[in-house]
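Note that the structure is a prediction, hence the values are computed from the model and not measured.
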Amino acid sequence: MFRKQVMVAIAGLVVSASASAQTTPSAAPATDKAKSVNAQPAAQTAPPADKAKSVNVQPAAQTAPPASPFRAPDPLNFTADTPSVATVNGFLKQLWGYDPARLWQVQAIQKTQVPGLSRVTILIAQPGADPSKVQGSQFFVLPDGKHAIADDVISFGAQPFAETREILKTRANGPSKGSANKDLMFVEFSDFQCPHCKDAQAIVERLMQDFPNAHLAYENFPLRQIHPLAEQAAEYSVCVAKSSNDAFFKFANAVFDTQAGLTPEGATKTLNDAVTKAGLSPDQIAACVAQPQTKAAVDESVKLAQDLNVNSTPTLYVNGRPVPVSSAVPYETTKSIVSYQLQLDGLPQPAPKLNSLSK
């Protein structure tokens, strides 16, 4: 209900694809010629060894690599001093490098009527695609070089997630589980009344199993104007978490399991039942909820979400990178993005699981 498009969730970049991207030539030639980091021909596969000897066996003919689906960029369309093509390619590689089926080419980096604001045009295709299937997209890079605008303001640069990662390491202090080490840090912004957040719990738990070295922090982000009972649930969760992290996650699971009970008539009973399942006293938790510092703790979590421009739930960050946790996105895609982020951050991949000791 409150999720962005799947492509946005996967890429972290809002790009509206069209059949073709038109660019307006400018007078000044580019100093940094357009290159494509990811539009490489597929690797040649060596022919299998011929175990049976034959008098007339000839080596297999080499197959020419597929032609690029992209038209050559016009140097006259590179009029902006910044960002460079290398920076744009680095940015897109951070976003899309996990996906070998996505090729791109920087087609233009142009000045706009706003000083320092640059328009970036890229072409996107699949390997071996017909040129008629190429799609074009545009976004704008702000004068600070650290942000871009597509449908929203997003982080930009060769290391677009680094600043968010440091902010979350410092300020995401909600209830946590997993590793105490924050080298691999998952931060979930969630709303107890959000149906998609309920669905996301199984995905997050599966990620925690597949990445056992991860540290998961939960941050309340009640969508107060949409989910009026989410605020009360968040305040209860703050008080439960004061007991222990374990109690918090038992409470959270119980609330999501009985989410339909978060109604004006049933919310208090639903939350009290969840408190009991967490092994705590509903009366003690209610007394804590009445304290002003409880709401202040929820407000602090909401402020963190707002500072990061989080505008939907659930939102999951992995080392500062937004990662999709939606049933609309195949789990293996989500997992591959997390693995790719580990690679970018120089972290070891988890050891493969041994499903069986014997075949």
Side-chain angles (χ1 to χ4, degrees), residues 4-5 7-18 21-38 73-97 102 104-124 135-171 187 189 303-312 315 317-324 337 341 344:
K4 295 181 181 178
Q5 296 175 356
M7 184 177 180
V8 179
I10 294 177
L13 167 65
V14 184
V15 283
S16 301
S18 58
Q22 300 296 327
T23 56
T24 304
S26 303
T31 56
D32 187 5
K33 302 297 183 183
K35 307 171 192 173
S36 175
V37 169
N38 201 33
D74 186 345
L76 295 180
N77 286 328
F78 292 78
T79 58
D81 294 331
T82 59
S84 68
V85 172
T87 298
V88 174
N89 274 325
F91 169 65
L92 294 174
K93 187 174 182 181
Q94 289 267 328
L95 295 183
W96 293 338
R102 192 195 310 254
W104 69 83
Q105 179 172 275
V106 181
Q107 198 70 8
I109 304 176
Q110 298 169 299
K111 293 180 179 178
T112 67
Q113 62 270 37
V114 179
L117 183 71
S118 302
R119 178 190 296 108
V120 177
T121 302
I122 58 174
L123 300 180
I124 308 167
Q135 295 181 317
S137 295
Q138 291 185 337
F139 58 93
F140 296 85
V141 177
L142 275 62
D144 66 0
K146 296 181 179 180
H147 298 89
I149 298 176
D151 285 353
D152 205 345
V153 177
I154 56 175
S155 297
F156 176 78
Q159 299 282 330
F161 312 119
E163 184 176 357
T164 299
R165 182 184 184 185
E166 292 306 312
I167 290 172
L168 291 171
K169 273 189 174 183
T170 302
R171 295 175 56 188
V187 180
F189 287 89
K303 179 66 163 57
L304 173 59
Q306 292 171 340
D307 288 348
L308 296 176
N309 201 33
V310 176
N311 53 25
S312 64
T315 292
Y317 285 98
V318 176
N319 282 5
R321 178 196 192 107
V323 172
I337 298 173
Q341 191 59 42
L344 292 174

Nearest 0.5 Å, please: how far is CZ in Phe161 from CD in Glu166? 14.5 Å
Plane angle bin for Phe156 and Phe91 - parallel if under 30°, tilted between 30 and 60°, otherwise perpendicular: tilted
Please determine, by modelled atom types, if Gln138 and Thr121 share a side-chain donor-acceptor pair under 3.5 angstrom. yes
Compare every heavy atom of Pro73 with every heavy atom of Gln105, then report the nearest pair and how far apart it is. NE2-CD, 3.5 Å
Quick one: are Leu344 and Gln94 in side-chain contact, heavy atoms under 4.5 Å? yes
Asp307 and Ile167, any side-chain heavy atoms less than 4.5 Å apart: no
Considering only heavy atoms from C-beta outward, does the side chain of Leu308 approach that of Phe189 to under 4.5 Å? yes
Can you find a pair of side-chain heavy atoms, one from Ile154 and one from Phe139, that are under 4.5 Å apart? no
Whether the side chain of Asn319 engages the backbone of Gln341 through a donor-acceptor N/O pair (distance < 3.5 Å, no angle test) should be reported. no
OG1 (Thr315) and CG (Asn309) are apart, to the nearest 0.5 Å, by 10.0 Å
State, with a plain yes or no, whether a side-chain heavy atom of Arg321 is found less than 4.5 Å away from one of Ile337. yes
Under the 3.5 angstrom rule, does the side chain of Ser118 hit a backbone N or O of Val141 as a donor-acceptor pair? no
Within 6.0 angstrom of Lys111 NZ, more than 12 heavy atoms from elsewhere: no
For Thr82 and Ile109, the nearest pair of non-hydrogen atoms, with its separation, is O-CG2, 4.3 Å
Measure the CD-CZ distance between Gln159 and Arg165 for me, rounded to the nearest 0.5 Å. 10.0 Å
